[in-house]
Amino acid sequence: MNKKELLRVLTKKRFSNKIIKAFKEVNRKKFVRGELVKYSYEDIALPLQTGATISQPSTIAFMLELLELKGNENILEIGSGSGYVLALLSKITKGEIYGIEIIKKLAEQSKENLKKCKNVKVIHKDGSRGLKEKAPFDRILISASINRLPMNLCSQLKNHGILVVPVGESIYQIKNENKEITKKEFPGFVFVPLKKSKK
Ligand code: SAH
């Protein structure tokens, strides 16, 4: 597929206009490894470095939809990998966006690729405990899967904030409404597992 065809697939899946517009504006090619560039606009996940993948576009679109972005949120992405999702987020929201990536090489490459996205900052570290120094966030997106719901990260979420996270093979949307935590489950997704903190 080329970019146009991928955009058609996303449109058919009824993702909202602002999300499709972000996919239109960001070149996935820039975030894909050399020999895989020809698959850039296939609706599939692609390998990055040891154990990391750039997620499938329609899965990314689904997660972005669940974030219910209005356009000025500050956001944390844990497992920012190639930086592709950060680039998409920066097209949708004007707020500050932080990405945490545990693989040094990916963090460095993504910083380079995201130079033009002025509201995005990539940090190379273990993100399993979030980013306390910049919390609370309007939105938190975890791009690698964990075994159980991350209640510790809910404390880094603002009131009316939303956290989207793959747990096992489901994506969860977690909302913090006046300290009441509600969750919705969407089964049927596979993600790279989040590495556990060694501390
Ligand atoms: N959203 C990314 C890809 C996600 S793949 C993109 O657009 O390319 C999941 C990423 O999570 C991988 O890059 C992996 O290295 C990273 N990761 C795994 N465990 C982590 C941890 N504890 N802290 C930060 N990043 C982690």
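Atoms within each ligand, like the ligands themselves, are counted from 1 in listed order. The structure presented is a predicted model; accordingly, all values stated were derived computationally and were not measured. Side chains included, hydrogens not; waters and symmetry mates left out as well; all remaining heavy atoms used.
Of the N or O atoms in Ile103, none lie within a sub-3.5 Å distance of an N or O in ligand 1. When only interatomic distances are considered, the shortest N/O to N/O separation between Gly127 and ligand 1 falls below 3.5 Å.
Remark: ligand 1 atoms within the under-4.0 Å shell around heavy atoms of Ser82 are 6 (C), 7 (O), 8 (O). Each of the following atoms of ligand 1 lies closer than 4.0 Å to a heavy atom of Ile54: 8 (O). Residue Ile100 has at least one heavy-atom neighbour below 4.0 Å for each of these atoms of ligand 1: 24 (C), 25 (N). Within ligand 1, the atoms closer than 4.0 Å to a non-hydrogen atom of Lys125 are 23 (N), 24 (C), numbered from 1 in the order shown. Taking a cut-off of under 4.0 Å to the non-hydrogen atoms of Ala52, the atoms of ligand 1 that pass are 12 (C), 13 (O). Atoms of ligand 1 found under 4.0 Å from any heavy atom of Asp126 (numbered from 1 in listed order, with element): 21 (C), 22 (N), 23 (N).
Under 4.0 Å from ligand 1, not a single heavy atom of Leu86 appears.
A donor-acceptor pair under 3.5 Å is formed between the side chain of Asn113 and the backbone N or O of Lys30. A donor-acceptor contact shorter than 3.5 Å is absent between the side chain of Tyr172 and the backbone of Phe186. Put simply, the side chain of Asn176 never gets that close to the backbone of Gly161: no donor and acceptor are under 3.5 Å apart. Between the Asn72 side chain and the Gly95 main chain, no donor and acceptor come within less than 3.5 Å of each other.
A salt bridge is defined here as a Lys NZ or Arg NE, NH1 or NH2 lying under 4.0 Å from an Asp or Glu carboxylate O, and Glu35 with Arg33 meets this definition.
Across the listed options Ile146, Ile102, Ile60, Thr53, Ile102 owns the non-hydrogen atom lying nearest to atom 25 (N) of ligand 1. Nearest to atom 15 (O) of ligand 1 by heavy atom, out of Lys195, Met63, Glu101, is Glu101. Around atom 7 (O) of ligand 1, the closest heavy atom drawn from Leu106, Leu48, Val85 belongs to Val85.
For residues 50-70, the salt bridge (Lys or Arg N to Asp or Glu O under 4.0 Å) pairs, not counting sequence neighbours, are Glu68-Lys175.
Taking the six-membered ring where the residue is Trp, the centroids of Phe189 and Phe62 are separated by under 6.0 Å.
The shell of residues lying under 4.0 angstrom from ligand 1, judged by heavy atoms, includes Glu77.
For Phe137, there are no ring-ring contact (aromatic ring centres under 6.0 Å, His included) partners, not counting sequence neighbours.
A side chain to side chain contact (heavy atoms under 4.5 Å, CB included) with Glu77 is found for exactly one of Ile100, Val85, Ile140, namely Val85.
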